[in-house]
Number of protein chains: 2
Amino acid sequence: MDAAQLSPTGRVILGMIALGRRTGYEIKQLVDHSTRHFWAASYGQIYPELRRLEEGGLIKGRPEGSGGRTKIAYELTPEGSRALYDWLSSDAPLVFEMRNEGMLKLFFSDVAPETKLAQIRAMRSHYERQRAELHAIGKDPSEMTTGPGMTLDLGLGLVEWLIEWCLKAEDRLATAATGGVKA
Amino acid sequence: MDAAQLSPTGRVILGMIALGRRTGYEIKQLVDHSTRHFWAASYGQIYPELRRLEEGGLIKGRPEGSGGRTKIAYELTPEGSRALYDWLSSDAPLVFEMRNEGMLKLFFSDVAPETKLAQIRAMRSHYERQRAELHAIGKDPSEMTTGPGMTLDLGLGLVEWLIEWCLKAEDRLATAATGGVKA
DNA sequence: AGGTGCATGTAACAGGTTACATGATTAA
DNA sequence: TTAATCATGTAACCTGTTACATGCACCT
């Protein structure tokens, strides 16, 4: 199993284990607090994938009987490290997918022009929520040249740009509505 | 069938028909030249969905026997118009999904720091390609307050911001690599 | 005694892509 | 005649979500 055959979720899992996360539960936690905005994962994917990765020899799990119910801590095998590294250094075409219902509505908004303002406001409020979440994550200010740090910087800059765009668009619409005369 | 039950692809189809597109083929064409970057659709979705929408009474198709093979031109029924309008003016939570493998690699890049520069360059080259495509679409300069025009403006601004971010990040990394001394 | 968080897991479903099959029209 | 473009359609597959089931540990 090399990088080319590594499933999308498999890559996230390998990466998270490399960052020190051990159990499926912990992986899900970290995904929800970090990569979620640009790469999500659900339990329904994570647990079956952990099993597949172990069958493929990329990770090795051992039950930790710390008193309670068995929890399984995974770590990378040498092959797993190599697969992760191969993926990271591969120049295969990247997956860039997006489904943005806000933009879709905007695209069709000429059909109902009076809804435009509300749509942009809805979009802005989404990104403002996202900004707040990212700020919460960013409490501990990691270096801008570390992976998670860079990603956070990118994400925050992006949502801030989007919020600015919305504000300007709202302004433009308001001006247009009052016949070009600023209120 | 009201807006709440309208499937994602159904919304795109309804919108495209409202914008004047009639056949499944034409809808796919327009999607590929416009909404693709923030909302894609494949034939495998479009044709079955056209049938479902017709069964639901939202659109009505009639075969156009312009000589050759029957092609089917659809138009909105009054209920279809209403469903589209309902969706556009609804304040139900919006779908915002993203899978960005570039950011994912960046997130894990501390595992292989020497790949960082290449990753950011790959990301930039993706967005530069996208910018070129958007510029090609934007040949006819539509008003910034029309739906497609606004969306194009938003998309272009976004990719330009991303390209700038990449350039700055590349700079920062290059500087860090030479021990803080600019080359 | 009950709620919350840790922890694992699966079955049913939804949504979408890819590859293929088919065939007419049009331009070189 | 051949290639490209217009045009419709489906079956197999893949990926992922949602909702549920289970149960321990810890706090109040």
Side-chain angles (χ1 to χ4, degrees), chain A residues 4-13 16-17 21-33 35-55 59 61-74 93 95-101 104, chain B residues 1 4-13 16-17 21-33 35-36 38-55 59 61-74 93 95-101 104:
Chain A
Q5 290 155 306
L6 202 54
S7 77
T9 304
R11 305 196 273 244
V12 179
I13 292 178
M16 289 302 183
I17 294 177
R21 254 42 180 215
R22 329 278 299 280
T23 73
Y25 187 82
E26 281 174 331
I27 290 169
K28 170 71 170 150
Q29 295 293 302
L30 185 52
V31 165
D32 282 348
H33 287 92
T35 68
R36 175 168 57 100
H37 299 294
F38 55 88
W39 206 288
S42 66
Y43 286 128
Q45 274 299 112
I46 290 172
Y47 284 112
E49 187 63 30
L50 280 169
R51 195 163 291 180
R52 278 192 289 271
L53 287 172
E54 186 163 31
E55 276 163 19
I59 59 177
R62 69 165 67 62
E64 274 187 358
S66 60
R69 178 181 183 171
T70 34
K71 81 176 177 185
I72 308 168
Y74 291 91
V95 173
F96 285 92
E97 283 168 22
M98 199 169 164
R99 319 192 84 209
N100 187 317
E101 196 180 347
L104 192 63
Chain B
M1 184 162 13
Q5 291 156 305
L6 201 53
S7 76
T9 303
R11 306 196 271 245
V12 179
I13 292 178
M16 289 302 183
I17 295 177
R21 254 40 181 217
R22 328 278 298 281
T23 72
Y25 187 81
E26 282 175 330
I27 290 168
K28 169 71 169 151
Q29 295 292 303
L30 186 51
V31 165
D32 283 348
H33 287 92
T35 66
R36 176 169 54 102
F38 54 88
W39 205 287
S42 66
Y43 285 128
Q45 273 299 112
I46 291 172
Y47 284 113
E49 187 63 30
L50 279 169
R51 196 163 291 180
R52 277 192 289 271
L53 288 172
E54 188 164 30
E55 276 164 18
I59 61 177
R62 70 166 66 63
E64 274 186 359
S66 60
R69 179 179 183 170
T70 33
K71 80 176 179 186
I72 307 169
Y74 291 92
V95 173
F96 285 92
E97 284 167 22
M98 198 169 166
R99 319 192 85 207
N100 187 317
E101 197 182 345
L104 192 63

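Numbered from 1 within each chain, the chains take letters A, B, ... in sequence-line order.
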Colleague: With a 4.0 Å cutoff (strictly under), does any side-chain N or O of A:R51 reach OP1 or OP2 of C:dT8?
Modeller: no
Colleague: With B:A73, which residues qualify under side chain to side chain contact (heavy atoms under 4.5 Å, CB included), at least two apart?
Modeller: B:R22, B:E64
Colleague: Quick one: A:I13 CD1 to C:dG9 P, roughly how many Å, whole number?
Modeller: 12 Å
Colleague: Nearest-Å distance, CG (A:L6) to P (D:dC14)?
Modeller: 16 Å
Colleague: My understanding is that only residues two or more places apart in sequence, or in another chain, count here; which of them pass side chain to side chain contact (heavy atoms under 4.5 Å, CB included) with A:I46?
Modeller: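 Side chain to side chain contact (heavy atoms under 4.5 Å, CB included) list for A:I46, sorted by chain: A:I13, A:I27, A:K28, A:A41, A:L50.
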Colleague: Would you please name every residue forming a side chain to side chain donor-acceptor pair (under 3.5 Å) with A:E26, sequence neighbours left out?
Modeller: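 So A:E26 forms no side chain to side chain donor-acceptor pair (under 3.5 Å) with any residue.
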Colleague: Would you mind building the protein contact string for nucleotides 14-20 of chain C? One character per nucleotide, 5' to 3', B for base within reach (heavy atoms under 4.0 Å), S for sugar-phosphate only, - for untouched.
Modeller: --BBB--
Colleague: Grab the CD1-C1' distance between A:I27 and C:dC6 for me, whole Å please.
Modeller: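 Taking CD1 of A:I27 and C1' of C:dC6, I get 15 Å after rounding.
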Colleague: What residues form a side chain to side chain donor-acceptor pair (under 3.5 Å) with A:R36, not counting sequence neighbours?
Modeller: A:E133
Colleague: Does B:R51 pair with B:E54 as a salt bridge, N-O distance under 4.0 Å?
Modeller: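 No, B:R51 and B:E54 are not salt-bridged.
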Colleague: Once you round it to whole Å, what is the distance between C1' of C:dG9 and OH of A:Y74?
Modeller: 11 Å
Colleague: Return the value, rounded to whole Å, for the distance between atom CG of A:D32 and atom P of D:dT18.
Modeller: 11 Å
Colleague: How many whole angstroms separate atom OH of B:Y47 from atom P of C:dT22?
Modeller: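 Result: 17 Å.
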Colleague: Using a heavy-atom cut-off of 4.0 Å across all strands, would you classify A:R22 as base, sugar-phosphate, or nothing?
Modeller: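 Nothing, no nucleic acid heavy atom in range.
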Colleague: Rounding to an integer number of Å, can you tell me how far B:F96 CZ sits from D:dT17 P?
Modeller: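 Nearest whole value for this atom pair: 18 Å.
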Colleague: Once ring pair (Phe, Tyr, Trp, His ring centres under 6.0 Å) is applied, do any residues pair with A:F96, and if so which ones, sequence neighbours excluded?
Modeller: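 Checked A:F96 against ring pair (Phe, Tyr, Trp, His ring centres under 6.0 Å); matches are B:H126, B:Y127.
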Colleague: Residues two or more places apart in sequence or in another chain: which of them pass side chain to side chain contact (heavy atoms under 4.5 Å, CB included) with A:A40?
Modeller: none
Colleague: Please walk me through it: do A:T35 and A:M16 pass side chain to side chain contact (heavy atoms under 4.5 Å, CB included)?
Modeller: CA-CA 10 Å; A:T35 68; A:M16 289 302 183; 3.7 Å; yes
Colleague: For A:Q45, check side chain to side chain contact (heavy atoms under 4.5 Å, CB included) against everything at least two apart and list the hits.
Modeller: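 Counting only residues at least two positions away or on another chain, A:Q45 forms a side chain to side chain contact (heavy atoms under 4.5 Å, CB included) with A:T9, A:S42.
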Colleague: Distances for protein N/O vs nucleotides 3-6 of chain D N/O pairs under 3.5 angstrom?
Modeller:
{"residue": "D:dC6", "atom": "OP2", "partner": "B:Y25", "partner atom": "OH", "Å": "2.9"}

Colleague: Quickly work out the B:E64 CD to C:dT25 P distance and round it to whole Å.
Modeller: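 Value for this atom pair: 15 Å.
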